[in-house]
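Contents: one structure, followed by commentary.
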2 protein chains.
Amino acid sequence: MSKQPDSDNTSCCGGIEDVLEPGFFKALCDPNRIALLIRLAQCCDPCSVSQMARCCPTDLSVVSRHLAILRDAGILTAQKRGKEVFYSVRYSELVRTLRAMADAIETCCPPGREQPGSQRDE
Amino acid sequence: MSKQPDSDNTSCCGGIEDVLEPGFFKALCDPNRIALLIRLAQCCDPCSVSQMARCCPTDLSVVSRHLAILRDAGILTAQKRGKEVFYSVRYSELVRTLRAMADAIETCCPPGREQPGSQRDE
DNA sequence: TGCTCATTTGCGTCACTATGCAAATGATAC
DNA sequence: GTATCATTTGCATAGTGACGCAAATGAGCA
């Protein structure tokens, strides 16, 4: 973590290291967890573990685990009501995180600094 | 993939299923790949595999593989110059993807529709 | 208290992924 | 052509993660 390949413009890339957290992507790298997130987002209302499990081919315990992982990553919130636990999407947080990533990457290398013929976005 | 837990407002969540691709997160779920992306972003200029490998504790072949995975995911571009391959960040694409995700999630459930006492973003 | 339902956790198994080494491929220089 | 350098690929191994089942925990109710 000491030498950089070419230049050392760490300063211009505002906090990209802090924003691009592996934990966030780790939580979302599983297809089933993405599916759960999408379902929960589409549902809009908080859903219990059982409700979520009804849509999944996997065991309820697995769904519970997946939801917990998403919760620990700050993507979902859990709220206990009676004997049920209702999970819901942390919309604002999630949106803010994604935008912060986009901003950090954009700030990192503004269009003018891009290399010619290298990062063509077809 | 047929029944939804509570409601079925699939229409309001503009293409969240298309935007939240597991493949994207899968590519970024490895800490070493995140580190490579950060380094490459901070570097701004395209870097060869050897240059990138100099900063990593892992074998050069591993770095090559990681870069290929990021390239296949559309996060990096590879450009061959002589016997070297220079990788660079697809800034615009990456930023666009992240913003699209944020937009899709935001559109999915605007603040007014949020459940009271459920998705508090403290 | 005992019972039932919802969720979580322990644990063994299976699949996948990351890793390092060595060999293969591709490209330039001699 | 051969030699050399950069990168990729094949392969074996080790580590990690997902999964299902069963048991444990927690909460309400009779």
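Hydrogens, waters and symmetry mates are skipped; everything else that's a heavy atom, side chains included, is used.
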Look at the side chain of A/Ser61 and the base of D/dC21, then say whether one donor and one acceptor between them are separated by less than 3.5 Å. yes
By nearest-nucleotide position on DNA chain C, the 5'-leaning member of A/Glu84 and A/Asp59 is A/Glu84
Per atom distances to the B/Asn32 side chain, the nearest of C/dA18, D/dG20, D/dC19 is C/dA18
| said: Pairing donors with acceptors under 3.5 angstrom, does anything connect the side chains of A/Gln42 and B/Glu17? | reply: yes
Between CG of A/Leu60 and P of C/dT9 the distance, given in whole Å, is 13 Å
(message) Need one value for B/Val62: base, sugar-phosphate or nothing, where a base atom within 4.0 Å counts as base even if backbone is also close, heavy atoms only.
(response) base
A/Leu70 atom CG is separated from C/dT8 atom P, nearest whole Å, by 12 Å
Heavy-atom nearest nucleotide on DNA chain D taken for A/Gly82 and for A/Lys26; more 5' hit belongs to A/Lys26
Can a side chain N or O of B/Arg81 be found less than 4.0 Å away from OP1 or OP2 on C/dT28? no
Separation of D/dA6 atom C1' from B/Arg54 atom CZ, nearest Å, is 12 Å
Practice problem: Using only side-chain N and O atoms of A/His66, determine if any of them is under 4.0 Å from OP1 or OP2 of D/dC19. | Solution: yes
Exercise. Per the atom types in the model, does the base of D/dC5 pair as donor or acceptor with the side chain of B/Ser50 at under 3.5 Å?
Worked result: no
CG of B/Leu40 to CG of B/Leu36, rounded to nearest 0.5 Å, is 8.0 Å
- Query: Is B/Glu93 salt-bridged to B/Arg96, going by a charged N under 4.0 Å from an acidic O?
  - Reply: yes
Sugar-phosphate, base or nothing in reach of B/Phe86, heavy atoms under 4.0 Å: nothing
Ranking C/dG26, C/dT19, D/dA18 by distance to the side chain of B/Arg65, first place goes to C/dT19
Checking D/dT7, C/dA22, C/dA18 against the side chain of B/Asp30 (C-beta onward), the nearest is C/dA18
Closest to the side chain of A/Lys83, out of C/dT8, D/dT8, C/dT4, is C/dT4
Checklist entry - Under 4.0 Å between a side-chain N or O of A/Ser64 and OP1 or OP2 of C/dT9? => result no
Whole-Å distance, B/Leu67 CG to C/dT19 P, equals 12 Å
- Query: OP1, OP2 of D/dT8 versus side-chain N and O of B/Tyr87: anything below 4.0 Å?
  - Reply: yes
*Using a strict 4.0 Å threshold on nitrogen-to-oxygen distance, state whether A/Arg99 and B/Asp103 make a salt bridge.*
yes
Taken to the nearest whole Å, CZ/B/Arg71 to P/D/dT7 is 13 Å
In terms of heavy-atom contacts, A/Arg33 and A/Ala27 come closest through NE-O, 2.6 Å
